[in-house]
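Encoded as C-alpha cells, the structure appears first; notes follow it.
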Amino acid sequence: MTPTDAEAFSAATYRKVAWRLIPFLFACYILAYLDRVNVGFAKLGMKVEPWFSDAVFATGSGIFFVGYFLFEVPGNIMLHRVGARLWIARIMIGWGLVSAGMAYCSSPTAFYTMRFILGIAEAGFFPGIILYLTYWFPREHRARMVALFMTAIALAGVFGSPLSGWLLERATNWYGLKAWQWLFIIEGLPSVLIGCSVPFLLTDRPAQAKWLTPEEKALLHARLEADEQAKTGEGHANHSAWDAFKSPQVWLCSLIYFGIVVGIYGASFWLPQIVENTFTKDKWLVGLYSAIPWSCAAIGMVLVCRHSDRTRERRWHVGLSALVAAVAFVVSGLPGMPPVAVMVALAFAITGVMAAASCFWALPTAILSGTAAAAGIALINSLGNLAGYLSPEMVAYLKKHYDMSMALNGIAAMVALSAVAVLCGRFGPESRKTT
C-alpha cells in the first residue's frame with residue numbers, strides 16, 4: 001500500500017468510526033445536558049410556587065454537583081472495568097427517571113433531594129464518554145471528536161430552549177399538571193428509552209466491533225499503541241488511579257476546567273432570565289431567543305477545535321477562547337447596552353467558553369493512560385463541575401446584592417482566571433504539538 005493509499009485508508013477508517021459513534025453519543029449528551037439544566041427554564045414557571053425562590057433555585061441548581069462530585073471518580077473507574085455499554089445504559093435510565101420525578105417536587109427539601117440524586121445518577125457520564133473516545137481515537141483526532149460530542153451542549157440549547165419555552169407556554173393544566181411539571185416529564189423520559197438501547201448500539205472496544213474489518217481494527221490498534229508509546233517517551237507513563245491523584249498537571253487541569261465550567265453554567269442556568277429581562281416575557285420567545293447564542297456556539301466550537309487538531313496546538317486555543325468569553329461576558333453586562341448588542345456579546349461569550357471546554361480535553365487525555373485516565377478525567381471533571389455549585393450561588397448573591405451586570409463580571413473573572421492558568425501552565429509538548 002502506497003503512503004497515499006495508507007493515508008486515504010486511515011482517513012476512511014476514522015470517518016467510519018466517527019459516523020458510527022459520535023451521532024449516538026451526541027444524542028445521549030443532548031438529553032443529559034437538557035435534563036441537567038432545564039431547571040433554568042422550569043424556574044420561570046416554578047417562581048409562582050409559594051415554596052420556591054431565587055435562593056431555593058440557586059441552591060437546588062448547585063446541589064446537583066455535590067452528588068455528581070462524590071460519585072464521579074468511582075463511576076468512571078467502573079466504566080473502565082465493566083465497559084461503556086452497560087454503565088452508560090445504567091446512567092441514562094437512572095437520570096431519566098429521576099429527572100422526570102422532579103415534576104413532583106412540592107417543597108425546598110424535595111427539590112434539593114431530587115437535584116442531589118440527579119447528580120448521583122448522572123455521575124460518570126461525561127468523563128466516561130471522554131474516556132471512551134480515547135479507546136478509539138488517538139490524540140491528533142481527539143479535540144475535533146470531543147468538540148463534535150460537546151456540540152450537544154449547544155444543541156441542547158438550540159432545540160431544548162424553544163421546546164422548554166413552548167411547554168411553559170402551552171402545557172398548563174394538561175391532565176391536572178402544571179407546565180413546569182410537564183417540562184420535567186417530557187424532557188426526562190426520552191433518556192430512559194435511549195438508555196435501554198445503549199447495550200445494542202455501542203461497542204466497548206475496537207476489537208469487539210463487528211462492523212469493522214480486520215484491517216481497520218489493526219489500524220486503530222496500531223495508532224493507539226503508538227499514542228501510548230509517545231506518552232511514555234514524553235514522561236507520561238501513568239497507569240494507576242494513584243498516578244492521576246499525584247499528578248500536578250491533573251490538579252492544574254482541574255483549576256482550569258473549574259473556571260471554564262463557571263462560564264458554561266452561568267450561561268446555562270441564567271440565560272433564560274437574562275433574555276426575559278432584556279427582550280420579552282413571552283416564554284416561547286424566551287426559548288427562541290435563548291437558542292441564538294447556542295447556535296453560534298455549535299458552529300464556532302467545532303471550527304476552533306478543528307483548527308486545534310490541524311495545527312496540533314492546544315494551550316493557546318483554550319486560553320484565547322476563554323479570554324474572548326471573559327471579555328464578552330463583561331460587555332454583555334454593561335449598563336445601557338441595546339438588546340441586540342447584549343445578544344451578540346452573549347453569543348461570543350458562550351461560543352468562547354464552549355470552544356475552550358472542547359479543546360481543553362485534549363490536554364489531560366494526552367498525558368494519562370489506563371486506569372489513571374479513568375480516574376484523572378473523572379477527577380478533573382468532578383472538581384471542575386463543583387463550579388456548577390458555585391456558579392448559580394455566586395450569580396444569585398451578586399444579583400441580589402448588586403445587579404446582573406456584577407454577576408456577569410463575576411463569571412468573567414473566573415473564566416479569565418482559567419485563561420491565565422492555561423496560558424501560564426506547562427503541559428509538555430502535547431499542549432503545543434501532538435504527534
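Worth saying up front: this structure is predicted, and the values here are computed from it rather than measured.
Across all their heavy atoms, S99 and N38 have their closest contact at OG-ND2, 4.5 Å. Here the shortest heavy-atom pairing between N381 and P127 reads ND2-CD, 3.3 Å. Closest of all the heavy-atom pairs between P199 and G195 is CD-O, 3.7 Å. When every heavy atom of G376 is checked against every heavy atom of V250, the shortest pair comes out as O-CG1, 4.4 Å. Across all non-hydrogen atoms, the minimal contact from A325 to G352 is CB-C, 3.8 Å.
In this structure, CD1 on I91 lies 8.0 Å from CD1 on I129, to the nearest 0.5 angstrom. Rounding to the nearest 0.5 Å gives a distance of 13.0 Å between SG of C296 and CE of M301. Between the CG atom in L212 and the NZ atom in K16 there is a gap of 5.5 Å [rounded to 0.5 Å]. We find the CG-CZ distance between L201 and R85 to be 10.0 Å, quoted to the nearest 0.5 Å. The line from CH2 of W136 to CG of L224 is 10.0 Å long, rounded to the nearest 0.5 Å. Between the CZ atom of R306 and the OG1 atom of T311 there is a distance of 13.0 Å, given to the nearest 0.5 Å.
Ring geometry, Y257 versus W361: the interplanar angle exceeds 60°, so the pair is classed perpendicular (tilted spans 30 to 60°). Classified by interplanar angle (parallel below 30°, tilted 30° to 60°, perpendicular above 60°), the ring pair F64/Y68 is parallel. W166 and W174 have perpendicular rings, their planes meeting at more than 60° on a 0 to 90° scale where under 30° would count as parallel.
For the pair T278 (side chain) and V275 (backbone), a donor-acceptor distance under 3.5 Å is absent. Side-chain atoms of E216 never come within 3.5 Å of backbone atoms of T13 as a donor-acceptor pair (strictly under, hydrogens ignored). At least one donor-acceptor pair closer than 3.5 Å links the side chain of S418 to the backbone N or O of G259.
Counting non-hydrogen atoms of other residues, nucleotides and ligands closer than 6.0 Å to CH2 of W211 gives a total above 12. Other residues, nucleotides and ligands contribute over 12 non-hydrogen atoms within 6.0 Å of the CZ atom of F116.
For the 3.5 Å distance criterion, the side chains of S10 and R223 qualify, holding a donor opposite an acceptor. Side-chain N/O atoms of S308 and R314 include a donor and acceptor closer than 3.5 Å.
Scored by the salt bridge (charged side-chain N to carboxylate O under 4.0 Å, His left out) test, E187 finds no partners at all (sequence neighbours excluded).
Between W87 and F125, a ring centre-to-centre spacing not shorter than 6.0 Å is recorded.
Evaluated for a side-chain hydrogen bond (donor to acceptor under 3.5 Å, both in side chains) with E313, the options R310, H317, R315 yield exactly one hit, H317.
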